[in-house]
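Bear in mind that the values here come from a model prediction, so they are computed numbers and not experimental data. Every chain is numbered from 1, with letters handed out A, B, ... down the list of sequences.
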Amino acid sequence: LAKTTQPISMDSYEGQEVNITCSHNNIATNDYITWYQQFPSQGPRFIIQGYKTKVTNEVASLFIPADRKSSTLSLPRVSLSDTAVYYCLVGAPMDSSYKLIFGSGTRLLVRP
Amino acid sequence: DTGVSQNPRHKITKRGQNVTFRCDPISEHNRLYWYRQTLGQGPEFLTYFQNEAQLEKSRLLSDRFSAERPKGSFSTLEIQRTEQGDSAMYLCASSLGDRADTQYFGPGTRLTVL
C-alpha cells in the first residue's frame with residue numbers, strides 16, 4: 001500500500017476554511033484516497049473518498065490533481081467540534097487483501 | 001453512531017488473564033476488520049474476515065490472539081495470557097466489500113492490563 005505523508009499538526013480558528021494536504025507519491029492505478037476523522041476515545045469516522053478530480057459531500061471536499069500524487073481535504077468554516085485527528089489513506093478497495101494502513105495523521109486544533 | 005457496536009467498552013484485567021471482546025457489525029456487511037490503536041498512533045490492522053472466513057492476519061497477531069466470526073455475523077477477539085503491552089484500544093470495522101468498500105468503525109474496546 002502507498003505510504004502517505006501529511007502534516008503532524010495544524011491550527012485554525014472558528015469559521016475559517018482548513019485545507020490538509022496529503023502526499024502519496026507512489027499511489028497505484030487502482031488506489032483510492034480516503035480520509036477519516038478521529039476524536040479521542042472514539043473509532044475513526046469516514047469523511048470522504050475519491051479517485052480523481054474533486055469530490056464533495058455535506059462535510060468536506062477532496063481535491064485530487066491529475067497526477068494523483070497528492071490530495072487536499074478541505075473543511076469549510078470549521079468549528080470547535082472539528083478539533084480531531086485526520087487521517088489520509090490510500091489503497092485499492094477491490095483488492096481481496098484491502099485493509100486500511102493508518103499513519104500518524106494530522107492533529108487539527110480549532111481555536112475560538 | 002455508525003451501527004457497529006463493540007462490547008465491553010472498557011476492560012481492566014490483570015496480567016496473565018484471558019479477555020474476550022465482541023464486535024457486532026452492520027448487518028448486511030460481509031467484511032469485518034480488527035485494528036489495535038495505542039496512544040498517539042494511528043490504528044494498526046490485526047485481521048479481517050470475509051463472511052466467516054478469516055482471510056488475513058497481521059504479524060502483530062501473536063499466538064495469544066485469536067479471532068472468530070461464526071456464521072459470518074458477530075466476531076470475537078480473544079487475548080490469552082494478557083501482557084501489559086496488550087494495553088490498547090481494540091477497534092472493529094465492517095464494510096460491504098463493494099467497489100468503495102468504506103469501513104465503518106465501532107467505538108472500540110479499551111483494554112488496560114495491570
Side-chain angles (χ1 to χ4, degrees), chain A residues 1-9 20 22 24 28-52 55 57-60 62 64 84-109, chain B residues 1-6 9-10 21 23-26 29-51 53-61 88-112:
Chain A
L1 293 174
K3 183 178 177 180
T4 60
T5 303
Q6 51 184 124
I8 294 174
S9 64
I20 306 174
C22 177
H24 27 80
T29 303
N30 293 333
D31 286 343
Y32 280 67
I33 301 152
T34 309
W35 286 80
Y36 279 82
Q37 173 193 56
Q38 188 176 28
F39 300 112
S41 299
Q42 294 187 25
R45 182 175 78 105
F46 172 82
I47 301 176
I48 198 165
Q49 183 182 66
Y51 184 80
K52 61 180 179 181
V55 181
N57 61 23
E58 65 277 7
V59 176
L62 178 60
I64 306 168
V85 178
Y86 292 81
Y87 295 99
C88 164
L89 303 97
V90 296
M94 288 172 285
D95 283 354
S96 60
S97 61
Y98 178 61
K99 52 190 171 289
L100 299 176
I101 305 294
F102 289 82
S104 297
T106 297
R107 295 183 179 277
L108 172 65
L109 174 62
Chain B
D1 183 3
T2 60
V4 179
S5 61
Q6 292 186 247
R9 293 292 310 277
H10 303 273
F21 310 140
C23 171
D24 287 271
I26 295 170
H29 284 185
N30 52 42
R31 286 190 178 181
L32 187 148
Y33 301 79
W34 285 98
Y35 294 83
R36 181 174 69 185
Q37 186 174 25
T38 54
L39 201 61
Q41 303 298 316
E44 297 173 291
F45 169 79
L46 292 178
T47 188
Y48 104 92
F49 293 83
Q50 175 87 25
N51 299 312
Q54 188 173 17
L55 295 187
E56 187 171 347
K57 296 196 302 185
S58 162
R59 287 172 293 176
L60 293 174
L61 216 63
M89 174 78 88
Y90 289 84
L91 294 161
C92 172
S94 70
S95 69
L96 267 174
D98 60 356
R99 182 181 180 88
D101 201 37
T102 302
Q103 293 184 28
Y104 296 91
F105 283 81
T109 295
R110 180 166 296 285
L111 173 65
T112 302

Please determine whether side-chain contact (heavy atoms from CB on, under 4.5 Å) holds for the pair F46(A) and T34(A), giving the CA-CA distance in whole Å, both sets of side-chain angles, and the decisive distance to 0.1 Å. CA-CA 8 Å; F46(A) 172 82; T34(A) 309; 3.7 Å; yes
Checking L60(B), L55(B), L61(B) against T47(B) for side chain to side chain contact (heavy atoms under 4.5 Å, CB included), the one that qualifies is L61(B)
Considering only heavy atoms, which portion of Q37(B) lies under 4.5 Å from any heavy atom of chain A: side chain, backbone, both, or neither? side chain
Most contact-rich option vs chain B, by heavy-atom pairs under 4.5 angstrom, among R107(A), Q42(A), Q38(A), is Q38(A)
Between P43(B) and chain A, which part of the residue has a heavy atom less than 4.5 Å away: side chain, backbone, both or neither? both
Which answer fits Y36(A), side chain, backbone, both or neither, if we ask what part of it has an atom under 4.5 Å from a heavy atom of chain B? side chain
Tell me whether the centres of the aromatic rings in F49(B) and Y33(B) are closer together than 6.0 Å. no
Are a donor atom and an acceptor atom from the side chains of Q103(B) and S95(B) found within less than 3.5 Å of each other? no
